[in-house]
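Notes follow the structure.
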Amino acid sequence: MEALIRAAIPSPVHLLNRSAAIQRPPNHLSVSRSRKNGEVNGLYSTPSHTGLEDQGDEQMPEETIQPSNLEAEGKHANIWRLFKEAQQNILYLNKQRLLVIEELEKANREKQLLLGQIEHFQLGNQALDGRANGTDRLSIFWELLHRIDSMVLTQKVNIEEASNWRRLIMDSKVSIVDAFSDVLDQRDSELLEKLRHFADGCKRNGFHIVQICTEMEPLVYVGSLASYVTGLSRALQRKGHTVEVVLPKYARLNLGEVQGLREIEAEFYSYYNGQLHGNRIWTGIVHGIGVTLIEPIFFSSFFSREKIYGYSDDFERFAYFSRAALDYLVKTGKKPDVLHIHNWQTSIVGPLFWDIFVKQGLEGTKIVLTCHDLNSQCLEQPDKLALSGLEPAHLHRPDRFQDNVRASLVNLLKGGIVYSNKVVIISSMHSKGRIIHNFGYGLQPTLAIHNDKLLIAPSGFDNSTWDPSQDKFLPKNYSADDLEGKAVCKVALQHHVGLPKDASVALVGWIYQEVSDMNTLKTVAQSITHGGGQLILARIDKMTNLDRASESFVKDLKDENVRFIDGYDEALSHLIFAGSDIILCQSFEDPTLQVPMKALKYGAAPVALSSSDDRSRHSADLDHDISEYAQFIKSTFENIPLNQALGEMRSNPSKWKRKMADAMDKDFSWDAETCNIHISAYAALKNL
């Protein structure tokens, strides 16, 4: 810059020679509001160093004056001073100009990103408005069913009549909703009269499933059960089935997600420890699913605690709830096709149903048990079974509840397997044979005996929320047929987290809940950044405290190509999946976060950090009936380490894009294989 200025402005000596008539400059430059150190209004003013200005008009002795030389030197010094001052001011102004231009460009980029997000948000709202009628119809549907429950408990209708009405409503969803659109404004007497005059005769279709469980997203979640209950229920209802969920009313429920929550003003008692105990019943709707919450009155402390699990009386808590749920179904006259129970916490529903409740109007109902973790079984003293009305001596037998290893105890999960008509084990990567032989955790003999009723189903994800072609959180949507938006999402992600913006750089996302090995983290980060890539670490956990270890690691790493995000941010998590080329995951068996499945949907290659379990490396004949998801992973990404994936992406980008587009076309959501397996299980129960 200085060279350009010198070239543009003649030298002071040249100026002096060109104009002999130039006058002597004034002793002091007149400038506005001087600041310290010669700075004037943000510019620079160079103080004089000739010494002549300080003398004013004082005359010097004649013999010491050399007019021509002194005048030339003074003019020369002043011109140099003016020149340097102008030079500094030009440099300063140019620097400020560049800063302003940079800020304007940054503001414009943010404006365009914001406008894009607003546009997509508006489009999303339009889509939501288009689906609003469907949501309203479900609300009317469930409000009508809940009103019938209330009228049964208040003895305004009998159980048989209520049961017939429920079946009528479930079989005639469309016409019934149109006929009862004003259900909220009608008194019970008016509603009863209208129901009695409603035309019957509709052909029965779809199953009625009641899920008795301990978690449901977004009300309460600890593990994979919560997303499974909600995801499967929504998928089943989209295929024409009716699903309702019964939960304990925990103190820490996210009730803001419940539409139309209300308490049924009626007395409801359930059996526990030889007595009848009062409960409050609450009903509402969550994502179009009817929800019933049971709140104990006398045993109010059972579900008013900080945690959901992990107490010494967990058996008592969930035995109380399981018995209360069955008492509620009988007293409201519900006659579902399927009672769907989950894990050991509600396994006691099985023997309670067959020993006590089946002859109370539930003869047509069957039991399905889902196991999310075979290693969580709950061993207890046999006499505790009597708390819920069961006979310990009848159940403490090798072919029923007696634990296979500790014979003096009863095993709740084993009892659930024995007393269920179908057992669904959630495993995305393992076959039934491998689970029985390698992952039974002491239940191998029981699983082998009941092999015929075992089914293996993969986990899934919600494709109504996780779909890049209509994701409202993305700056530009994209699909397998048009991947242009993925590059836009990458640059937007880089900008959001402060990484250098370059769509050609390999961007790796690592979404996790916990990292136990910092050495692994260091190795992964170095292998990515040393190859010119970028890494975003995102700990997506809604429940626990900040991850200080990872945060400290990133600070110590001091790499401009690594960023760390701690805490749940829904919009950012969507952008990470969309903007990343590769998504690291702890394993391909991830039922909680569903990272590998979401990565595939968003065109990012899932790369597992952990190697396959030793128990999974042998006996290939056990893998003949694995899920479609497992087949795809084994044929594509299972044996590809991170460095190989990065190499393939860089060496042959067109082939890489085709590979990712093919992955995006696969459907591993709840609506696909998982839902179909459950429907097949329900259908098989009709012939039992």
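Considering CG of N254 and CE of M216, their distance stands at 12.0 Å, rounded to 0.5 Å. To the nearest 0.5 Å, atom NZ of residue K414 and atom OG of residue S347 are 13.0 Å apart. Here the CD atom belonging to E257 is positioned 13.5 Å from the CD1 atom belonging to I285, to the nearest 0.5 angstrom. For the atom pair L447 CG and Y441 OH, the distance stands at 12.0 Å (nearest 0.5 Å). Once rounded to the nearest 0.5 Å, the distance linking OG1 of T365 with CG of L339 reads 5.5 Å. Taken from CD1 in I341 to OG1 in T370, the straight-line distance is 8.5 Å, to the nearest 0.5 Å.
For the pair G416 and L369, the tightest heavy-atom approach, listed with the atom from each and the gap, is C-CD2, 3.5 Å. When all heavy atoms of C371 and V423 are compared, the closest pair comes out as SG-CG1, 4.0 Å. Listed here is the closest heavy atom pair of Q594 and G460: CG-O, 3.1 Å. Considering every non-hydrogen atom in both S459 and S428, the closest pair reads N-OG, 3.1 Å. For G350 against Y419, the heavy-atom pair with the smallest separation is C-CB, 3.8 Å.
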Side chain to side chain donor-acceptor pair (under 3.5 Å) between S376 and N343, intermediate numbers included: CA-CA 8 Å; S376 179; N343 297 335; over 6 Å; no
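Around CD of Q360, the count of heavy atoms belonging to other residues, nucleotides or ligands within 6.0 Å exceeds 12. Other residues, nucleotides and ligands place no more than 12 heavy atoms under 6.0 Å from the NZ atom of K666. Heavy-atom contacts from other residues, nucleotides or ligands closer than 6.0 Å to CD of E363 number more than 12. At most 12 non-hydrogen atoms from other residues, nucleotides or ligands lie less than 6.0 angstrom from CD of E267. The environment of K239 atom NZ is dense: over 12 non-hydrogen atoms of other residues, nucleotides or ligands sit within 6.0 angstrom.
Among the candidates F321, F268, F302, F298, the single residue satisfying the ring-ring contact (aromatic ring centres under 6.0 Å, His included) test with H277 is F298. Applying side-chain hydrogen bond (donor to acceptor under 3.5 Å, both in side chains) to S427 and the options E589, H372, R434 leaves one that passes, E589. Looking at V229, L236, V245, T242 one by one, the single match for side chain to side chain contact (heavy atoms under 4.5 Å, CB included) with I289 turns out to be V245.
The shortest side-chain heavy-atom distance between R234 and S464 falls under the 4.5 Å cut-off. Looking at P218 and H287, their side chains come closer than 4.5 Å, going by heavy atoms from C-beta outward. Looking only at side-chain heavy atoms (C-beta outward), I348 and L385 come within less than 4.5 Å of each other. At least one side-chain heavy atom of Y272 sits less than 4.5 Å from a side-chain heavy atom of L387. The side-chain heavy atoms of F588 and M429, taken from C-beta on, include a pair separated by under 4.5 Å. Between T292 and T332, every side-chain heavy-atom pair lies at or beyond the 4.5 Å cut-off. The side-chain heavy atoms of L600 and P606, taken from C-beta on, include a pair separated by under 4.5 Å. Annotation: side chain of F401 is in contact with side chain of P351 (closest heavy-atom distance under 4.5 Å).
Aromatic rings of H678 and F207 (six-membered ring for Trp) have centroids beyond the 6.0 Å cut-off, not under it. Y682 and H241 have their aromatic ring centers separated by at least 6.0 angstrom.
Y311 does not carry R317 over the face of its six-membered ring by the limits of under 6.0 Å from the centre and within 45° of the normal. Taking the centre and axis of the six-membered ring of W282, the NZ or CZ atom of K249 falls inside the cone set by 45° and 6.0 Å.
Partners of S233 under the side chain to side chain donor-acceptor pair (under 3.5 Å) rule, at least two apart in sequence or in another chain, are Q211. By the side chain to side chain donor-acceptor pair (under 3.5 Å) test, E244 pairs with H208, K334, sequence neighbours left out.
A salt bridge is defined here as a Lys NZ or Arg NE, NH1 or NH2 lying under 4.0 Å from an Asp or Glu carboxylate O, and K384 with E316 meets this definition.
The backbone N or O of H394 lies less than 3.5 Å from a partner atom in the side chain of R400, making a donor-acceptor pair.
Among residue pairs with one or both ends in residues 319-329, those qualifying as side-chain hydrogen bond (donor to acceptor under 3.5 Å, both in side chains) are D149-Y328, N279-Y320, R323-D327; sequence neighbours excluded.
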